[in-house]
> 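Before anything else, here's the structure in question.
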Amino acid sequence: MLKDFFLNEVKNAISKAIADNKLGQMGENDSYNLMIEKPKNPDFGDFAVNVSSLARVAKMAPPMIANTIVENISKENYSVSVVGGFINFKIENSLLANAIAEIIEKGENYGKPEGVATEKILLEYVSANPTGPFHIGHGRWAAMGSALANLLKFYGHEVYQEFYINDAGSQIQKLGNSLKIRVKQELGENIDFPTDEIERKNYYPGDYLIPVAKKFLENHKEVKSAQDVDAIDLRVYCDFAKAEMEACQKALLEDFRVHFDRFYSELDLHNSGKVEESYKELMSKSMLYEQDGAMWFKSSEFGDDQDRVIKKADGSNTYLTADIAYHIDKLRRGYDRLINIWGADHHGYVARVKASIEALGYDPNKLEVLLGQLVNLVINGEEVRMGKRKNMVTLDDLIEEVGIDATRYWMEMRNIDMTLDFDIELAKRSTDENPVFYVQYAYARVCSILRNAISEKLNPETGEKSPAPMSESEIDDLIKNFNKNLILKTADTAKSLILKLEEFKSVIVLSAQNRTVYTICRYVQELAAEFHSFYNSNRVICDDKDLMKSRLALMVAIKTTLKNALDILAVSAPERM
RNA sequence: GCGCUUGUAGCCCAGUUGGAUAGAGCGUUUGGCUACGAACCAAAAGGUCGGGGGUUCGAAUCCCUCCAAGCGCACCA
């Protein structure tokens with residue numbers, strides 16, 4: 001990366017200067033922090049390193065330090081100037097040509113860092129109850145989680161994606177009871193969900209169970225009356241509804257380009273004995289005590305603000321008990337790192353799960369929880385509060401309304417700790433207000449140019465055909481036997497565009513390390529903007545054949561980079577729109 | 001009351017571990033197609049970085065305090 005390159009040049013120069021005893025009181029063991037950035041004013045240069053931070057240690061004025069460093073710098077392929085405490089680098093076109101050569105050579109692998117430490121990561125996200133359709137909030141975790149998985153894989157990590165199914169609690173009974181009512185309704189029975197608000201909380205009154213009830217009756221032809229319905233064990237309804245809901249959820253996730261390697265059932269976890277096992281382990285480590293008939297986990301000894309019940313007075317487990325077992329199980333499966341995406345409404349859970357990990361002798365820092373703020377829906381400029389099942393807009397509805405690409409992009413483009421206002425009207429619009437189309441348009445435009453370069457042109461007035469500016473084999477040759485010198489022809493006008501292409505590598509590294517997806521969105525928009533700007537002032541297909549080749553190579557590089565970035569976001573890169 | 005997150009241009013958001021004149025987009029105003037897709041580009045206007053203290057050569061960024069918004073604070077899942 002060019003950033004790292006210049007940073008290293010400066011670091012080496014500093015070491016040299018220290019060795020020659022020219023950096024005041026600075027010794028080789030003194031630590032320092034250097035920043036490399038893009039100068040706000042392009043006249044200064046292409047990259048800048050601020051050495052002011054050395055002033056305190058060296059006891060020298062920043063400009064003096066900068067000049068001393070510059071004396072020890074090689075200045076090969078670039079020029080240097082000093083302004084105040086800044087060392088400004090102006091790169092020569094050969095470096096730009098190298099950047100394009102790298103993209104063309106690496107293709108779909110362009111942007112993958114080399115020589116970075118990688119881990120075996122288990123990424124858990126969505127993890128919804130199988131009691132109903134996804135709402136738009138789940139959509140945010142699904143889009144973000146899958147994009148993060150793509151990003152981390154691209155970075156080089158080994159990523160395993162998991163969905164924890166909360167299928168063991170009382171909510172499944174609620175689901176079964178609700179289905180029972182729907183089945184009776186299908187049989188013509190005059191019955192409805194309780195109107196009393198408290199009673200009603202024991203049911204899922206959403207109408208999504210109506211088709212499930214129909215299907216249930218198709219599969220159970222023997223059921224003909226309310227008596228028949230009651231004669232069947234509740235368990236049957238629970239299992240049936242659960243299976244249906246899970247199937248719906250899985251289908252939707254696949255459509256939404258979200259792929260889990262495993263759906264981990266909480267029920268299976270209980271049945272495997274692992275929950276009981278970790279309970280006993282906590283017990284044997286004296287991490288539990290009895291109070292008011294319940295068993296408590298001493299989580300406050302590990303940073304939680306209070307102790308937590310782990311076995312209720314009635315002998316049943318709490319949700320936390322299973323969650324502890326689940327996380328221990330993940331660690332035992334041999335992952336270097338566990339990353340969870342949780343809604344901000346679960347933030348209170350982080351401390352207690354980490355406490356349990358530590359109590360059982362594992363490193364709590366292996367668990368990283370990304371807390372995501374919730375999603376508000378905006379319809380006609382009005383914020384619609386989510387939650388409480390009223391006004392619930394399902395993810396299905398949203399996707400149908402605005403499409404997969406736009407839905408994904410809008411879910412991905414915001415920092416996870418910002419509350420997301422999802423404006424349906426805006427996301428649907430294919431105008432300047434919608435960044436998805438802006439980016440996709442850039443891609444389609446690049447593809448269009450590459451198509452035109454090898455198509456014969458029809459003059460609409462004369463009806464005459466003129467031959468294609470380039471042949472397909474010439475384009476192939478351009479890519480396969482790429483000649484760096486070619487790019488020099490266009491380097492001057494395309495400088496900021498090429499630098500933006502080169503930046504992709506740093507964007508990947510930073511985004512992966514910070515676990516941010518929105519930074520990829522920002523990058524892709526910036527790159528699109530650079531391209532559009534270049535497009536408006538430079539013709540790619542032109543009479544000067546070498547210049548045309550040079551710019552076509554640039555187009556290939558843009559196409560490659562945009563595609564690689566969009567693939568991470570799992571947003572489609574259309575060749576035409 | 002306690003905890004987590006947020007507060008930056010009319011709107012929506014960036015701002016890397018403290019560093020050059022606080023930046024994009026939308027909206028507004030003005031300009032640009034008989035040339036590769038105008039779903040585009042160029043330019044201008046627009047700021048007390050929620051308020052107030054502090055730390056230092058330097059703060060949107062770190063510390064304290066106050067204000068406002070969202071979300072939590074279960075022997076529910």
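Values below: every heavy atom of this structure, side chains too, minus hydrogens, waters and symmetry copies.
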> Taking the P atom of each, how far is B:C13 from B:G70, in whole Å?
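Here B:C13 and B:G70 have their P atoms 15 Å from each other.
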
> Which distance, rounded to the nearest 0.5 Å, do you find between the OH of A:Y289 and the CG of A:D307?
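Here the rounded value is 3.5 Å.
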
> Using every non-hydrogen atom in the two residues, find where A:L499 and A:L2 come nearest and quote the distance to one decimal.
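Of all heavy-atom pairs spanning A:L499 and A:L2, the closest is CD2-CD1, 4.0 Å.
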
> How long is the line joining NZ of A:K201 and C1' of B:A77, in whole Å?
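Answer to the nearest Å: 14 Å.
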
> Nearest whole angstrom, please: distance from the P of B:C36 to the CG of A:L554.
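Atom-to-atom, A:L554 to B:C36, this comes out as 18 Å.
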
> State whether A:D546 and A:K489 are salt-bridged, where the test is any N-O pair (Lys NZ or Arg NE/NH1/NH2 against Asp/Glu carboxylate O) under 4.0 Å.
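Salt bridge: no.
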
> What residues from residues 302-309 of chain A pass a heavy-atom cutoff of under 4.0 Å to RNA chain B?
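When residues 302-309 of chain A is checked for heavy atoms under 4.0 Å from RNA chain B, the hits, listed by number, are A:V309.
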
> For A:K312 and for A:Q373, locate the closest nucleotide of RNA chain B by heavy-atom distance; then report the residue assigned to the nucleotide nearer the 5' terminus.
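The answer here is A:Q373.
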
> My understanding is that a pair needs two contacts under 3.5 Å, Watson-Crick or G-U wobble. By that rule, which nucleotide pairs with B:G23?
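Paired with B:G23, as far as the under-3.5 Å criterion goes, is B:C13.
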
> State whether A:D304 and A:R308 are salt-bridged, where the test is any N-O pair (Lys NZ or Arg NE/NH1/NH2 against Asp/Glu carboxylate O) under 4.0 Å.
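Salt bridge between A:D304 and A:R308, a charged N being under 4.0 Å from a carboxylate O: yes.
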
> How many whole angstroms separate atom CZ of A:R352 from atom P of B:C76?
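Checked: the CZ to P distance equals 12 Å.
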
> Could you please name the option among B:A77, B:C40, B:C36 that lies closest to any side-chain atom of A:H532?
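Between B:A77, B:C40, B:C36, the one nearest the side chain of A:H532 would be B:C40.
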
> Among the nucleotides B:C75, B:A77, B:C36, which one has an atom lying closest to any side-chain atom of A:A313?
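So the nucleotide nearest the side chain must be B:C75.
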
> For a quick check of understanding: with a heavy-atom distance under 4.0 Å over all strands, which category does A:N538 fall into, base, sugar-phosphate or nothing?
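Base, at least one base heavy atom under 4.0 Å.
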
> Quick check: any donor-acceptor pair below 3.5 Å linking the side-chain of A:H347 to the base of B:G3?
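Side chain to base: pair found, below 3.5 Å.
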
> Is any NZ, NE, NH1 or NH2 atom of the basic residue among A:R414 and A:D421 found under 4.0 Å from an Asp or Glu carboxylate oxygen of the other?
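No, A:R414 and A:D421 are not salt-bridged.
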
> Got A:L371 and A:D417 here, is their nearest side-chain heavy-atom distance under 4.5 Å?
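Counting from C-beta outward, A:L371 and A:D417 never come under 4.5 Å.
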
> I'd like a table of atom pairs between the protein and nucleotides 31-34 of chain B - only N or O on both sides, under 3.5 Å - with the distance next to each one.
none

> In whole Å, measure the gap between the P atoms of B:G50 and B:G7 for me.
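The same atom, P, in both gives a distance of 8 Å.
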
> How close do A:S127 and A:Y164 get, heavy atom to heavy atom, and via which atoms?
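Scanning both residues completely, I find the closest heavy atoms to be OG-N, 3.0 Å.
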
> Mind calculating the distance between OH (A:Y438) and P (B:G37) to the nearest angstrom?
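Going from OH in A:Y438 over to P in B:G37 covers 17 Å.
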
> A:I310 CD1 to B:C76 P: how many Å, rounded?
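Those two atoms, CD1 and P, are 14 Å apart.
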
> Please give the distance between the C1' atoms of B:C57 and B:A20 as a whole number of Å.
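Going atom to atom, C1' in each nucleotide, I get 15 Å.
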
> Using the P atom on both, measure B:G58 against B:G19 and round to a whole Å.
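The same atom, P, in both gives a distance of 14 Å.
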
> For the C1' atoms, the ones on B:A45 and on B:A9, what distance do you get once it is rounded to whole angstrom?
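Each nucleotide's C1' atom is 11 Å from the other's.
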
> What parts of residues 544-552 of chain A reach RNA chain B, counting only heavy atoms under 4.0 Å away?
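Heavy-atom contacts with RNA chain B come from no residue of residues 544-552 of chain A; none.
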
> On a whole-Å scale, what distance lies between the P atoms belonging to B:A74 and B:C62?
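Pairwise P distance, B:A74 against B:C62, rounds to 31 Å.
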
> So, is the end of the A:K563 side chain (NZ or CZ) under 6.0 Å from the ring centre of A:Y443 and within 45° of the ring's axis?
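Cation-pi check for A:K563 and A:Y443: fails.
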
> Would you measure the distance from the P atom in B:G46 across to the matching atom in B:C41 and give it in whole Å?
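My reading of the P atoms in B:G46 and B:C41 gives 23 Å.
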
> Could you give the distance separating B:A44 and B:G3 at their P atoms, to the nearest angstrom?
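Roughly 47 Å separates the two P atoms.
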
> A:Y125: which residues meet the side-chain hydrogen bond (donor to acceptor under 3.5 Å, both in side chains) condition with it, sequence neighbours left out?
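Only A:Q161 meet the side-chain hydrogen bond (donor to acceptor under 3.5 Å, both in side chains) criterion with A:Y125.
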
> Do nucleotides 12-21 of chain B as a string where each nucleotide becomes B, S or -: B if the base has a protein heavy atom under 4.0 Å, S if just the sugar-phosphate does, - if no protein is that close.
SSSSBB-BBB

> Mind calculating the distance between CD (A:E290) and P (B:C75) to the nearest angstrom?
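After rounding, the gap between these two atoms is 16 Å.
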
> Under a 4.0 Å threshold between the charged nitrogen and the carboxylate oxygen, would A:K311 count as salt-bridged to A:E290?
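No salt bridge links A:E290 with A:K311.
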
> Less than 3.5 Å between a donor and an acceptor, one on the side chain of A:Y349 and one on the base of B:A77, is that the case here?
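Result: at least one qualifying N/O pair found.
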
> So, are A:D4 and A:K505 salt-bridged, with charged N and O less than 4.0 Å apart?
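Not counted as a salt bridge, because no side-chain N and carboxylate O are separated by less than 4.0 Å.
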
> Measure from NZ or CZ of A:R352 to the centre of the six-membered ring of A:F297, then state whether that distance is under 6.0 Å and the direction lies within 45° of the axis.
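Geometry flag: not set, cation outside 6.0 Å or 45°.
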
> So if I take every side-chain heavy atom of A:D345 and compare against B:C36, B:C41, B:G72, which nucleotide ends up nearest?
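Shortest atom-to-atom distance from the side chain points to B:G72.
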
> Would you tabulate the nitrogen or oxygen pairs shorter than 3.5 Å linking the protein to nucleotides 42-47 of chain B?
{"unit_1": "B:A42", "atom_1": "OP1", "unit_2": "A:S533", "atom_2": "OG", "d": "3.1"}

> When the ring centroid of A:F504 is compared with that of A:Y523, is the distance short of 6.0 Å?
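So the answer is yes for these two rings.
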
> So, A:K559 and A:E575, do they make that salt bridge, N to O below 4.0 Å?
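So A:K559 pairs with A:E575 through a salt bridge.
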
> Quick one: look up who B:U29 pairs with, Watson-Crick or G-U, both distances under 3.5 Å, and put none if it's unpaired.
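Partner of B:U29: B:A43.
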
> Could you state the CD-C1' distance from A:Q171 to B:C76, rounded to the nearest angstrom?
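That distance rounds to 9 Å.
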
> Should A:E503 and A:K3 count as an ion pair when the cut-off is N to O under 4.0 Å?
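Salt bridge absent between A:E503 and A:K3.
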
> Run the numbers on A:K495 and A:E530 for salt bridge (charged side-chain N to carboxylate O under 4.0 Å, His left out), then give the verdict.
CA-CA 10 Å; A:K495 189 169 190 176; A:E530 285 288 354; over 6 Å; no

